[in-house]
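Each remark here refers to the structure printed beneath this line.
The structure displayed is predicted, hence computed values, not measured ones. Residue numbers start from 1 in every chain, and the chains themselves are labelled A, B, ... in the order their sequence lines are given, proteins ahead of strands.
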Protein chains: 2
Amino acid sequence: MLSKKTKYGLKALTYIARQKDVKLVPIATIAESENISHKFLESILLTLRKSGFLGSKKGKGGGYYLLKDPVDIPMTDVIRILEGPIALVPCVSLNYYEKCDDCKDEKSCSVYRLMIQVRDNTLQVFRNNTLADLV
Amino acid sequence: MLSKKTKYGLKALTYIARQKDVKLVPIATIAESENISHKFLESILLTLRKSGFLGSKKGKGGGYYLLKDPVDIPMTDVIRILEGPIALVPCVSLNYYEKCDDCKDEKSCSVYRLMIQVRDNTLQVFRNNTLADLV
DNA sequence: CTATTACCCTATCGGTTTAATAGATTATTA
DNA sequence: TAATAATCTATTAAACCGATAGGGTAATAG
């Protein structure tokens, strides 16, 4: 299940990307338009800024803005930051690998082979979609 | 993330399916071989029995057995019982649909369209794999 | 200079889920 | 009847999630 954090984060990024003439988008505007808790969204945008997706400007008239072109922001990057591993099981995760403590041999695990397939398919979708596709 | 419940359930089903001459497989045997907590596995096998995947026999020499041919047990069925919805978001779930409370219009939601793709791909994998493929 | 706006940080909290454990009961076989 | 194995009920500890609270800090308009 996708966390609300990720869902809200994607919505916020999409919202910001949609603004053409407006350069800075304040939290309150996004929170109202997308029905997201102001404070919760605040923390999400903060991590997105620290991860290099967003820039921000303080003070009156301030807000958030995209640091890259939406075309250059693949979903894989966003999802990994907000949600964590894309794989359903740590032992098939590319970026967050962890060994199973109950499995002796990974390669002979029946679940392993199935989850590799799921991971590859999901990965393909996330790689083929950038923020530009969501807008 | 896949819950241990589902993971253990799949492993147990695979284990039972692998036994040729043995008709009844007791919990303890599976728990030992697969390194699963006996009591936890107990509750998992119980739901698998109540869902129609397994049959059981009490008493000495008792245990669990498959009710169907492994070829006739698609992963979709098992996953839905043990894990719940396959979709990452309730609003794109086929069997566990739920409306988003923050979305006005589903069709125009950017996350929605992305998650539909993920769901379709994952579904395809689970449909193409039966218990026989795991064995 | 000052008030306003908005980002930034820390802490907490209730609720839910997860994984596991414990104990008692019922059914079957040898 | 004794041993075995499934069944049922219940409780637990830990982790996580979504949300909230309150204040601190920085920048800008007027």
Side-chain angles (χ1 to χ4, degrees), chain A residues 1-12 16 22-51 53-65 67 82-85 88-90 96 98 100-102, chain B residues 1-12 16 22-51 53-67 81-85 88-90 96 98 100-102:
Chain A
M1 275 288 151
L2 203 74
S3 66
K4 297 219 167 184
K5 184 180 173 188
T6 306
K7 190 184 169 191
Y8 292 164
L10 286 175
K11 281 190 164 192
I16 297 173
V22 185
K23 283 180 182 170
L24 295 168
V25 189
I27 296 179
T29 309
I30 308 174
E32 277 174 40
S33 301
E34 302 290 335
N35 292 310
I36 306 172
S37 150
H38 183 281
K39 281 290 192 177
F40 191 26
L41 180 58
E42 198 180 285
S43 71
I44 297 170
L45 294 184
L46 199 62
T47 64
L48 284 176
R49 201 213 52 179
K50 287 180 179 169
S51 312
F53 295 103
L54 295 176
S56 67
K57 202 176 178 208
K58 290 184 181 179
K60 195 169 188 176
Y64 283 97
Y65 58 95
L67 285 177
L82 293 176
E83 189 73 13
L88 289 179
V89 178
Y96 299 83
E98 224 172 295
C100 293
D101 45 358
D102 56 307
Chain B
M1 276 289 151
L2 203 72
S3 66
K4 298 219 168 184
K5 183 180 172 186
T6 306
K7 190 184 171 192
Y8 291 164
L10 286 175
K11 280 192 165 190
I16 296 173
V22 186
K23 283 179 182 169
L24 294 168
V25 189
I27 296 178
T29 309
I30 309 174
E32 277 174 40
S33 302
E34 302 290 336
N35 292 310
I36 306 172
S37 149
H38 182 281
K39 281 292 191 178
F40 190 27
L41 181 58
E42 194 180 290
S43 69
I44 297 169
L45 295 184
L46 201 61
T47 64
L48 285 175
R49 200 213 52 179
K50 288 179 179 170
S51 312
F53 295 103
L54 295 176
S56 67
K57 203 178 175 204
K58 287 186 179 179
K60 194 167 188 177
Y64 283 96
Y65 57 95
L66 282 176
L67 285 177
I81 291 294
L82 293 176
E83 189 74 12
L88 289 179
V89 178
Y96 299 81
E98 226 172 292
C100 293
D101 46 356
D102 56 306

> Quick one: how far along DNA chain C does chain B reach, first to last nucleotide 5' to 3', anything under 4.0 Å to a heavy atom?
Replying inline: dA19(C) to dT29(C)
>> Using a 4.0 Å heavy-atom cut-off to protein, can you give one letter per nucleotide of nucleotides 24-30 of chain D, 5' to 3': B if the base is in contact, S if only the sugar-phosphate is, - if neither?
In response: --SBSS-
> For the pair made of CG in Leu24(B) and C1' in dT4(D), what is the distance, rounded to whole Å?
Replying inline: 13 Å
Approximate separation, where rounding is to 0.5 Å, of [X] [atom1] and [Y] [atom2]:
{"X": "Lys11(A)", "Y": "Ile30(A)", "atom1": "NZ", "atom2": "CD1", "answer": "12.5 Å"}
{"X": "Leu45(A)", "Y": "Ile36(A)", "atom1": "CG", "atom2": "CD1", "answer": "8.0 Å"}
{"X": "Asn35(B)", "Y": "Asp101(A)", "atom1": "CG", "atom2": "CG", "answer": "8.5 Å"}
{"X": "Leu48(A)", "Y": "Ser56(A)", "atom1": "CG", "atom2": "OG", "answer": "11.5 Å"}
{"X": "Leu24(A)", "Y": "Lys58(A)", "atom1": "CG", "atom2": "NZ", "answer": "14.0 Å"}

Closest non-hydrogen atom pair between [X] and [Y], with its separation:
{"X": "Met1(B)", "Y": "Pro85(A)", "result": "CE-CG, 3.2 Å"}
{"X": "His38(A)", "Y": "Ala28(A)", "result": "CD2-CA, 3.8 Å"}
{"X": "Leu41(B)", "Y": "Ala12(B)", "result": "CD1-CB, 3.9 Å"}

>> Under the rule for side chain to side chain donor-acceptor pair (under 3.5 Å), what residues qualify as partners of Thr6(B), not counting sequence neighbours?
In response: Ser3(B), Glu83(B)
> Across the strands shown, which category fits Lys7(B) at heavy-atom distances under 4.0 angstrom: base, sugar-phosphate, nothing?
Replying inline: nothing
> So what does the secondary structure string of DNA chain D come out as, 5' to 3', with Watson-Crick or wobble pairs under 3.5 angstrom, [ ] for crossing and | for pairs with another strand?
Replying inline: ||||||||||||||||||||||||||||||
>> Among residues 37-48 of chain B, which ones have heavy-atom contacts with DNA chain D below 4.0 Å?
In response: Lys39(B), Glu42(B), Leu46(B)
>> Check whether Thr47(B) reaches the backbone of Ile44(B) with its side chain - one donor and one acceptor, N or O, closer than 3.5 Å.
In response: yes
> With side chains defined as the heavy atoms from C-beta onward, is the minimum distance between Leu54(B) and Leu66(B) less than 4.5 Å?
Replying inline: yes
>> If you assign Ile27(B) and Tyr8(A) each to the DNA chain D nucleotide with the nearest heavy atom, which residue ends up on the more 5' nucleotide?
In response: Ile27(B)
> Mapping Lys4(A) and Ser56(B) to their closest nucleotides on DNA chain D, which lands nearer the 5' end?
Replying inline: Ser56(B)
>> If the threshold is 4.0 Å, N to carboxylate O, is there a salt bridge linking Asp102(B) and Lys7(A)?
In response: yes
> Who passes ring-ring contact (aromatic ring centres under 6.0 Å, His included) against Tyr64(A), sequence neighbours left out?
Replying inline: none
